[in-house]
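Contents: one structure, followed by commentary.
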2 protein chains.
Amino acid sequence: MVERLSVGPASVSELAKPLPMTLSAVIQHLKVLEEARLVRSEKVGRVRTCTLEIGTMIQVERWIAERKRFWERRYDQLEAYLAQTASEEKGR
Amino acid sequence: MVERLSVGPASVSELAKPLPMTLSAVIQHLKVLEEARLVRSEKVGRVRTCTLEIGTMIQVERWIAERKRFWERRYDQLEAYLAQTASEEKGR
DNA sequence: TCAATACTTAAGTGAATGCTACAGCATCAA
DNA sequence: TTGATGCTGTAGCATTCACTTAAGTATTGA
C-alpha cells in the first residue's frame with residue numbers, strides 16, 4: 001500500500017483492488033497507517049483519497065539511518081567476536 | 001541465551017537461572033535454537049550441556065552481510081525517491 | 001533405597017494479529 | 001427516489017506466540 005501510494009494518491013478501493021483481502025481489512029490497515037502518520041486522507045463525497053505523508057517518511061528515513069549505524073556497530077562486534085573465537089578454536 | 005552461550009557452554013538450568021521464565025519455557029526455546037542449528041547440545045547423566053554452533057553463526061554472519069547490502073540499496077532508493085518527491089513538491 | 005536434582009513433555013492459557021462477514025450509512029447518477 | 005457505489009464499524013474467527021502448570025522420567029548422592 002505504501003508502495004502504491006509512493007506513485008501518487010489513491011482511493012481506498014484503488015488501494016484494495018490489487019490486494020488479496022477484503023475492503024474492510026484494507027481500511028483497518030489504513031487506520032493504522034494514519035495513526036502512525038504515514039498516510040493522510042481526505043474524504044470528498046463518498047471517496048476517501050489517501051496520500052503518503054512525506055514529512056513522516058523523512059522522519060522514518062532518519063530513524064532508519066540511526067538504526068543502520070547501530071546495526072553496523074553490532075555487526076562489527078559480532079565479526080570481532082567470531083574472529084576471536086575462531087582463533088581460540090584453532091589454538092587448541 | 002545466545003549471548004550467554006557465546007561466553008562458553010552452559011547447562012539448561014544455568015541458561016534458565018537469569019531468565020524471568022520457567023525451565024520449561026527455556027527448554028522450548030532451546031529446541032528452536034537446536035532445530036535452527038544455532039546450538040548443539042549433549043546430555044551426560046542428567047545434565048544437558050549446550051554450546052553455540054560456530055559454523056552456523058558464521059553462516060548467519062554471511063546472511064546478515066548480504067541483507068545489509070540489500071538493505072543499503074533499498075535505503076539509497078528511498079533516499080533518491082524522497083529527494084525527487086521533495087523537489088517536485090517545491091516545483092508546484 | 002530414597003530423596004533431591006535435572007530435565008522433558010503435553011496440555012492448556014491469554015493476548016495479539018490479521019483477517020472475514022455482515023449490516024449498515026452517505027452520496028451520486030439516472 | 002431508487003439502486004449502485006464507496007466506504008465504515010463491529011463482531012467473530014482461526015492462528016500464532018510465548019509462555020505456565022503439572023505430571024512425568026532418569027540420574028545421582030547419601
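It should be emphasised that the depicted structure is a prediction, and the values quoted were computed from it without experimental measurement. Because only heavy atoms are used, hydrogens play no part in the values below, and waters and symmetry mates are left out as well, while side chains stay in. Residue numbers begin at 1 in each chain, while the letters A, B, ... track the order of the sequences.
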**OP:** Name all pairs fulfilling the side chain to side chain donor-acceptor pair (under 3.5 Å) condition that reach into residues 28-48 of chain B, sequence neighbours left out, sorted by first residue then second.
**Re:** B/Glu34-B/Ser41, B/Arg40-B/Glu53, B/Ser41-B/Arg48
Under 3.5 Å between N/O atoms: give me all the protein pairs with nucleotides 9-18 of chain C, atom names plus distance.
from  : atom 1 : to      : atom 2 : distance (Å)
C/dT9 : O4     : B/Ser24 : OG     : 2.3

Subject >> Nucleotide D/dA18, atom C1' - distance to CE of B/Met1 in whole Å >> reply: 13 Å
Original post:
Taking for each residue the nucleotide of DNA chain C bearing the nearest heavy atom, is the 5' side occupied by A/Leu23 or by B/Val12?
Top reply: B/Val12
Original post:
If we only count heavy atoms from C-beta on, is the A/Leu38 to A/Leu5 side-chain gap below 4.5 Å?
Top reply: no
Subject >> Interatomic distance where CG belongs to B/Leu19 and C1' belongs to C/dC7 [whole Å] >> reply: 16 Å
Subject >> Single-linkage hydrophobic cluster B/Val2~B/Trp63, side-chain heavy atoms < 4.5 angstrom >> reply: yes
Sort me out a list of protein N/O and nucleotides 25-30 of chain C N/O pairs below 3.5 Å, or just none if empty.
from   : atom 1 : to      : atom 2 : distance (Å)
C/dT27 : O2     : A/Arg46 : NH1    : 3.3

Subject >> Where B/Ala10 and B/Glu14 come nearest, the two heavy atoms and their spacing >> reply: CA-OE1, 3.3 Å
Original post:
Under 4.0 Å: is that the gap between some side-chain N or O of B/Lys43 and OP1 or OP2 of C/dT8?
Top reply: yes
Subject >> Single-linkage hydrophobic cluster, 4.5 Å side-chain cutoff, B/Val47 and B/Leu52 together >> reply: no
Original post:
Do the side chains of B/Thr49 and B/Val44 get nearer than 4.5 Å, heavy atoms only?
Top reply: no
Original post:
Rounding to a whole Å, what distance do you find between A/Glu14:CD and D/dC7:P?
Top reply: 8 Å
Original post:
What are the two closest non-hydrogen atoms of A/Arg4 and A/Gly8, and how far apart are they?
Top reply: NH1-O, 3.0 Å
Subject >> Heavy-atom pair with the smallest gap, counting every atom of A/Leu23 and A/Ser13 >> reply: CD1-CA, 4.1 Å
